[in-house]
Protein chains: 2
Amino acid sequence: MSAVSSRTDSDHRMEYCGRAYLCRMFSKAFGYALRAAVYVAIHGKDGKKVSLQEASDALGVPHHFLGKIMQDLVKHGIFDSIKGPNGGFYANSGTPQMFLIDILKITDGNLVFDQCALGIRRCNAAHPCPLHHDFANCRDGMIQALTVKTVGILAEDVESGMSFLAR
Amino acid sequence: MSAVSSRTDSDHRMEYCGRAYLCRMFSKAFGYALRAAVYVAIHGKDGKKVSLQEASDALGVPHHFLGKIMQDLVKHGIFDSIKGPNGGFYANSGTPQMFLIDILKITDGNLVFDQCALGIRRCNAAHPCPLHHDFANCRDGMIQALTVKTVGILAEDVESGMSFLAR
DNA sequence: ATAAATAAAGATTTAAAACTCTTTTTATTG
DNA sequence: CAATAAAAAGAGTTTTAAATCTTTATTTAT
Ligand code: FES
Ligand code: FES
């Protein structure tokens, strides 16, 4: 049995992009958190509140797991909440300005990601693993996006129909 | 407590690249497998063989875990092995031509990665999540690298001192 | 033929992420 | 003030990846 194959770049797009071999990259919690923050930014303003039930239904995310995550986001000021009847989660004045990477720090920040995608200890441009530069490009691109984009920017994209939070 | 901060792109490089918040992206098994394949390509040729002990010592990878992984690589023809005294793992004629993505398929292929990095089900350019295009860029870059690079190319880089497998 | 060295196979354990369940606290409303 | 609705908190379970341990099969050398 052999795994050899000759394959062009356009092939891979057919073969991999749809079914997606790649890639975890972030925790599920981060994806849930980000979507929740955008959802609250859209639906939890002008005095409106979003209940946990509404959010988990709308986003299709496990109820209690999302509860934990949203608690954490409140604790870190991404948005606010209030208990009791007619309580819920709602945006504060800073919510739209939150950087996505701030949310990543909240959900994944304590995970110690390996520096090197191949698991080599001392990883830097001077002592690179054979894929260092490819990984660095990829990683920098994502960090760049997460660093400049805010919850508000994503909310606008969603509100204008350019992108979607669910389904 | 607030997570707000204003941060430039150059800041993030200082803050994140060294300690690396990002990112798992592949299983550890893939990193081990790739390094093992390159190691065997370098040291398991011209009649020489690499014992599991030698490989796990040289790469600093858990002995038995690596054993499992190398078994699997042999089964898929990435390199060969022989049991008994003076046995071990060694490159076959196809080893240097193996594409990295073939190894990824062996180690991670059965994992169902979420298509969408944010966990949204239907993920494509027509129905994108708010980060779809950023992810797509990153992902395509990595797939591109894994699709065109071979074990032999990495082995040459390592042999010429351009990159490193361990430490 | 026996012993030794080695990979292969299988079973088990550990650790971490993902998810669920239960209880408590806080606020609102009648 | 009592009942209720909601988030917060905490404990517990499940699943998966990662790592370890044990046994078996194969080859070589003596
Ligand atoms: S040395 Fe491996 S990614 Fe940098
Ligand atoms: S829809 Fe989320 S990455 Fe494509």
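Note that the structure is predicted; figures quoted are calculated from it, not measured. Protein chains get the first letters and strands the later ones, always in sequence-line order, with residue 1 at the start of each. The basis for the numbers below is simple: all heavy atoms, side chains too, and nothing from hydrogens, waters or symmetry mates.
- Protein atom CD1 of B/I82 is 21 Å distant from nucleotide atom P of C/dA4, rounded to whole Å.
- Using a 4.0 Å cutoff on non-hydrogen atoms, the parts of residues 51-60 of chain A near DNA chain D are A/S51, A/L52, ordered by number.
- Here the closest non-hydrogen pair linking B/M25 and A/C138 is CE-SG, 3.7 Å.
- Side-chain contact check for B/L118 versus B/P130: some heavy-atom pair is nearer than 4.5 Å.
- Shortest non-hydrogen contact noted between A/G77 and A/N92 is O-ND2, 3.2 Å.
- Side-chain atoms of A/S81 lie closest to D/dA7 of the nucleotides D/dA7, C/dA7, D/dT28.
- Between the C1' atom of C/dT6 and the NZ atom of B/K49 lies a distance of 11 Å, rounded to the nearest Å.
- Side chains of B/S27 and B/D108: a donor-acceptor N/O pair is present below 3.5 angstrom, by distance only.
- In this structure, A/G67 reaches neither bases nor backbone, as no heavy-atom distance under 4.0 Å exists between it and the strands shown.
- For the pair B/K83 NZ and C/dT6 P, the computed distance is 14 Å after rounding to whole Å.
- Computed from coordinates, the A/Y90 OH to D/dA7 P distance equals 12 Å when rounded to whole Å.
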Pairwise N/O distances under 3.5 Å, protein to nucleotides 18-21 of chain D:
unit_1: D/dA18; atom_1: OP1; unit_2: B/K28; atom_2: N; d: 3.2
unit_1: D/dA19; atom_1: OP2; unit_2: B/Y32; atom_2: OH; d: 3.2

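- Separating the CG atom of A/D72 from the P atom of D/dA9 is a distance of 10 Å, rounded to the nearest angstrom.
- One finds the CE atom of B/M70 at 11.5 Å from the CD1 atom of B/I78 (value rounded to the nearest 0.5 Å).
- You'll find the side chain of A/P128 reaches within 4.5 Å of the side chain of B/F164, heavy atoms only.
- Contact annotation for B/V50: backbone-only contact, meaning every heavy-atom pair under 4.0 Å involves sugar-phosphate atoms and none involves a base.
- Rounded to whole Å, atom C1' of D/dG10 lies 16 Å from atom CD1 of A/I69.
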Which side-chain N or O atoms in residues 41-48 of chain A pair as donor and acceptor under 3.5 Å with protein atoms at least two apart or in another chain?
unit_1: A/H43; atom_1: ND1; unit_2: A/Y39; atom_2: O; d: 3.4
unit_1: A/K45; atom_1: NZ; unit_2: A/E159; atom_2: OE2; d: 3.4

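- Both A/N86 and B/G84 lie close to DNA chain C; mapped to their nearest nucleotides by heavy-atom distance, the more 5′-ward contact belongs to B/G84.
- Rounded to an integer number of Å, the gap from CD of A/Q71 to C1' of D/dA6 is 12 Å.
- Contact record, B/K149 with B/I153: CA-CD1, 4.0 Å, taken as the closest heavy-atom pair.
- Taking NZ of B/K49 as the start and OH of B/Y90 as the end, the distance is 7.0 Å to the nearest 0.5 Å.
- As a whole-Å value, the separation of A/M70 CE from D/dA9 P is 14 Å.
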